[in-house]
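Here is the structure we will look at, set down as structure tokens.
Values below: every heavy atom of this structure, side chains too, minus hydrogens, waters and symmetry copies. The model shown is predicted, which means the values in this text are computed figures rather than measured ones.
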Amino acid sequence: MRLPPTRTGGVDEERAIRQIRHAIDAGVNYFDTAPIYHLGKSEQVLGKALAGGYREKVRIATKLPHWEVFEREDMDRILNRQLKTLQTDHIDYYLLHSLAGSSFRIMQDLGVLGFLDAAKNDGRIRNAGFSFHGNVEDFKEIVDAYDWQFCQIQYNYLDEQNQAGTEGLRYAAAKGLAVMIMEPLRGGNLAGRVPDTIRKCWDEAPVKRSPAEWGLRWVWDHPEVTVVLSGMNDEAHIDENLRVADEALPLALTPAERVLIDRVRDEYRRLMKVGCTGCGYCMPCPFGVDIPGCFAGYNAHALFPHDRAAKFQYMGHHGGLMGEKSYAGLCRQCGKCAKACPQHLPIPALMKDVSREMEGMMGVMVPVLRGLLWCSGKVGKVKRAITGEKTHA
């Protein structure tokens, strides 16, 4: 879901394929994709990456988008299209995508459980499961409704009580389901550059680890966890995760380390303004707002209030400086995004907060910055003309 991007926002296919094959060569054998990821490119790229003998080394997980299903025949049509896109004759792990209680009941009425039985019987899928973004009561209802082989839940040290949470994790595992974990680093918010107060907490640990390693080890510490899905798109991150996966074991964290992670969790909750994971289910916005991008900038500014880069990056990415305008102020309060949000965030109301905090000077600064870029381009052109410097083809 987070393949390496090009400068224009697409998928860098060559780099992505190289990364996927490197991960497989190093022992990774489970790849999670879906039709919605990268607007359809994710399944395509994975299918290409698994050519040349790599398909036989891995298990593919992909998903049935319930929002595209209006009748029973749609399920077969979508699955058969996915098999073709992924260049395979079977899906190892097939999920009903992003279920909550109401969406599951609709799919039940359309005959989805019979579809799963038929697809397993004819060999198109090997294991049936579901991914989940609802409350724990609905989660238990879905677990009990069918002979599932596995499920997929959001779980990290900020989400112990959110959605399925620890209660759901243990419930599913006790029923014999494999449990795949998504968002172990909460869309990257628990890794990379962290606030000074968070860094100070981590620095107190006798064993020095990156924030990403701490987050992943916390998830792997739970014996009920089967697979951890990490959205890696950088070679260094892949290698770090491979190393940590080799070393991390269930129940390996010490009591002092668990207390430390609890302190970090509490500090994050104090600092963050919006609990967005960047999943993109709210997109596309009919009015052009990049909802996850706006929230990411808003949270970055909240976590690093003295760093002006967050606001400049927000203006650059969303104010029309580097592409189409996609800032929060474009929101027209239609509410479509809030209905689709797995985190149940009041997105329209939050967009007002984002606009108020991040866009005060944007109307002035974007034209100024655009002018500076134009001048820089002209100066560079004049310089090349004077010096005879050639541009690279």
Side-chain angles (χ1 to χ4, degrees), residues 1 29-32 34 59 61 63 92-101 103-104 127-191 212-231 241 244-245 247-255 257-266 268-269 275-279 281 341-344:
M1 134 177 234
N29 65 0
Y30 188 98
F31 287 83
D32 174 90
R59 295 164 177 84
K63 309 177 183 77
D92 301 284
Y93 291 83
Y94 199 61
L95 302 93
L96 307 187
H97 196 173
S98 190
L99 289 185
S103 55
F104 177 64
N127 300 281
F130 65 95
S131 64
F132 183 78
H133 288 290
N135 60 55
V136 69
E137 289 77 19
D138 285 344
F139 178 75
K140 292 179 179 179
E141 176 187 331
I142 297 172
V143 166
D144 292 340
Y146 182 70
D147 184 21
W148 307 102
Q149 282 73 57
F150 73 111
C151 64
Q152 184 170 308
I153 64 171
Q154 177 174 316
Y155 197 59
N156 55 68
Y157 62 74
L158 285 185
D159 289 319
E160 289 182 272
Q161 308 303 323
N162 294 341
Q163 300 185 29
T166 301
E167 183 179 351
L169 169 68
R170 292 173 177 168
Y171 188 84
K175 294 280 185 174
L177 276 68
V179 184
M180 283 55 171
I181 301 301
M182 57 182 156
E183 304 289 357
L185 301 176
R186 221 171 195 246
N189 283 318
L190 304 182
E213 180 171 351
W214 280 110
L216 292 171
R217 282 180 178 271
W218 184 89
V219 178
W220 274 314
D221 197 50
H222 295 76
E224 300 88 356
V225 169
T226 307
V227 171
V228 176
L229 305 177
S230 183
N241 285 9
V244 178
E247 298 173 0
L249 295 171
L251 305 177
L253 292 176
T254 68
E257 288 173 335
R258 294 191 183 106
V259 169
L260 175 64
I261 294 173
D262 287 346
R263 284 179 52 207
V264 171
R265 177 202 62 209
D266 294 342
Y268 263 119
R269 288 177 176 169
C276 173
T277 70
C279 71
Y281 294 144
C341 178
Q343 316 304 322
H344 310 295

Using the rule given for side-chain hydrogen bond (donor to acceptor under 3.5 Å, both in side chains), can you reason through Y157 versus D221, listing the C-alpha separation, both sets of side-chain angles and the distance that settles it, and then say yes or no?
CA-CA 11 Å; Y157 62 74; D221 197 50; over 6 Å; no

Apply side chain to side chain contact (heavy atoms under 4.5 Å, CB included) to the pair Y171 and V136, showing each step before the final yes or no.
CA-CA 10 Å; Y171 188 84; V136 69; over 6 Å; no

Give the C-alpha distance, both sets of side-chain angles, the deciding distance and a yes or no for side chain to side chain contact (heavy atoms under 4.5 Å, CB included) between R186 and D159.
CA-CA 9 Å; R186 221 171 195 246; D159 289 319; 3.1 Å; yes

Quick one, S98 with K63, criterion side chain to side chain contact (heavy atoms under 4.5 Å, CB included). Give me CA distance, side-chain angles, the key distance, then yes/no.
CA-CA 9 Å; S98 190; K63 309 177 183 77; over 6 Å; no

Can I181 and V227 be said to form a side chain to side chain contact (heavy atoms under 4.5 Å, CB included), step by step?
CA-CA 6 Å; I181 301 301; V227 171; over 6 Å; no

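Here the straight-line distance linking atom OG of S131 with atom CG of L99 works out to 6.0 Å at 0.5 Å rounding. Here the straight-line distance linking atom CZ of R265 with atom CG of N156 works out to 11.0 Å at 0.5 Å rounding. Put simply, CZ on R59 and CG on D32 are 14.5 Å apart, with the number rounded to the nearest 0.5 Å. L177 CG to D147 CG: the interatomic distance, rounded to the nearest 0.5 Å, is 8.5 Å. Of the inter-residue distances, the one linking N241 atom CG with S230 atom OG reads 4.0 Å to the nearest 0.5 angstrom.
The aromatic rings of F150 and Y93 lie perpendicular to each other, with more than 60° between the two planes, well past the 30° mark. Ring geometry for W218 versus Y155: interplanar angle of 30 to 60°, hence tilted.
Judged by distance alone, the side chain of W148 and the main-chain N or O of I142 form a donor-acceptor pair under 3.5 Å. Under the 3.5 Å distance criterion, the side-chain polar atoms of R269 are matched with a main-chain donor or acceptor of L158. Between the N127 side chain and the D92 main chain, a donor and an acceptor come within less than 3.5 Å of each other.
Contact annotation: the side chain of P250 never approaches that of E224 to less than 4.5 Å [non-hydrogen atoms, C-beta and beyond]. Between Q152 and L229, the closest side-chain pair of non-hydrogen atoms falls below 4.5 Å. Counting only heavy atoms from C-beta outward, the side chains of W214 and L190 never approach each other to under 4.5 Å. Using a 4.5 Å heavy-atom cutoff, the side chains of I261 and L253 are in contact. The side-chain heavy atoms of M180 and Y30, taken from C-beta on, include a pair separated by under 4.5 Å. For the pair H133 and M182, the minimum side-chain heavy-atom distance is below 4.5 Å. A 4.5 Å side-chain heavy-atom check between D144 and K175 finds at least one atom pair inside the cut-off.
By the 4.0 Å N-to-carboxylate-O rule, R217 lies too far from E257 to be salt-bridged with it. Using a cut-off of 4.0 Å between Lys/Arg side-chain N and Asp/Glu carboxylate O, R263 and D266 are scored as not salt-bridged.
With sequence neighbours left out, the ring pair (Phe, Tyr, Trp, His ring centres under 6.0 Å) criterion links F139 to F130, F132.
Of the candidates E137, K140, E160, E167 forms a side-chain contact (heavy atoms from CB on, under 4.5 Å) with just one, namely K140.
Nearest heavy-atom pair across C276 and N189 is O-ND2, 3.4 Å. Residues R258 and A252 come closest through the heavy atom pair NH2-N, 4.4 Å. Pairing each heavy atom of L95 with each of A61, the nearest pair is CD1-CB, 4.1 Å. The heavy-atom pair separating A172 from V179 by the smallest distance is CB-CG2, 4.0 Å. Nearest approach of L185 to G215, heavy atoms of both residues: CD2-CA, 3.8 Å. Here the closest non-hydrogen pair linking V219 and P184 is CG2-CB, 4.0 Å.
Under the 3.5 Å distance criterion, with hydrogens and angles disregarded, a donor-acceptor pair is assigned to the side chains of Q163 and Q343.
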